[in-house]
Amino acid sequence: VDFLEGDIQRSLRSVNEYLTIAKNILHNKMKHWEGTSNAHTVIFNNNEIEIINEFTDESIILKNISKFIEILEGWKNILE
């Protein structure tokens, strides 16, 4: 939730960008992507996503890109 509120915030552009990246990784159009936004670095590597809080160095690793896409689509629906 911190990533959604702190980095994507209320930006449809941002949520769509992350959705595109996640779908490209899921469909093997990309193998790796890394980027830093307001408070988090996001690393897509094969079928895994690591989200690192740049202020606390805490991180989580998500092993399911489809679930991440579902979360992003839910956030997008809230924003629309």
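Owing to the predicted nature of the structure, the values given are computational and were not obtained by experimental measurement.
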Glu58 CD: over 12 foreign heavy atoms closer than 6.0 Å: no
Cluster overlap Leu12 with Trp75, hydrophobic side-chain contacts below 4.5 Å: yes
Joint cluster assignment, Trp33 & Phe3, ILVMFWY side-chain distance < 4.5 Å: yes
Spacing of Asp7 atom CG and Ser37 atom OG [to the nearest 0.5 Å]: 4.5 Å
Spatial distance of atom CD1 (Ile25) from atom CD1 (Ile69) [nearest 0.5 Å]: 10.0 Å
Nearest heavy-atom neighbours spanning Ile49 and Val42: CG2-CG1, 3.9 Å
Value rounded to 0.5 Å, distance of CG in Asn24 from NZ in Lys29: 5.5 Å
Nearest-0.5 Å distance that lies between atom CG in Leu26 and atom CZ in Phe44: 10.5 Å
Distance-only donor-acceptor check, side chains Gln9 and Ser14, under 3.5 Å: no
Sidechain-backbone polar pair: Asn45 side chain, Glu48 backbone, donor-acceptor under 3.5 Å: no
side-chain contact (heavy atoms from CB on, under 4.5 Å) partners of Ile71, counting only residues at least two apart: Leu4, Lys67
Any Glu70 side-chain heavy atom under 4.5 Å of Asn64 side chain: no
Co-membership, hydrophobic cluster, residues Tyr18 and Ile52, 4.5 Å side-chain: no
CG on Asp2 to CD1 on Ile51, rounded to 0.5 Å: 10.0 Å
Salt bridge (Lys or Arg N to Asp or Glu O under 4.0 Å) against Glu73, all qualifying residues, sequence neighbours excluded: Lys23
Pairing residues for Asn16 by the side chain to side chain donor-acceptor pair (under 3.5 Å) criterion, not counting sequence neighbours: Lys76
Pairwise side-chain contact, Thr36 with Glu54, heavy-atom cut-off 4.5 Å (strictly under): yes
Hphob cluster co-occupancy, Leu72 + Ile61, side-chain heavy atoms under 4.5 angstrom: no
Nearest-0.5 Å distance, CD1 of residue Ile8 to CZ of residue Arg13: 11.5 Å
Minimum-distance pair of heavy atoms, taken over all atoms of Asn38 and Gly6: ND2-O, 3.0 Å
Sub-4.5 Å side-chain heavy-atom contact between Glu17 and Ile21: yes
ILVMFWY cluster, Leu19 and Ile78 together (side-chain gap under 4.5 Å): yes
side-chain contact (heavy atoms from CB on, under 4.5 Å) assessment of Ile43 paired with His32: CA-CA 7 Å; Ile43 302 168; His32 181 84; 3.7 Å; yes
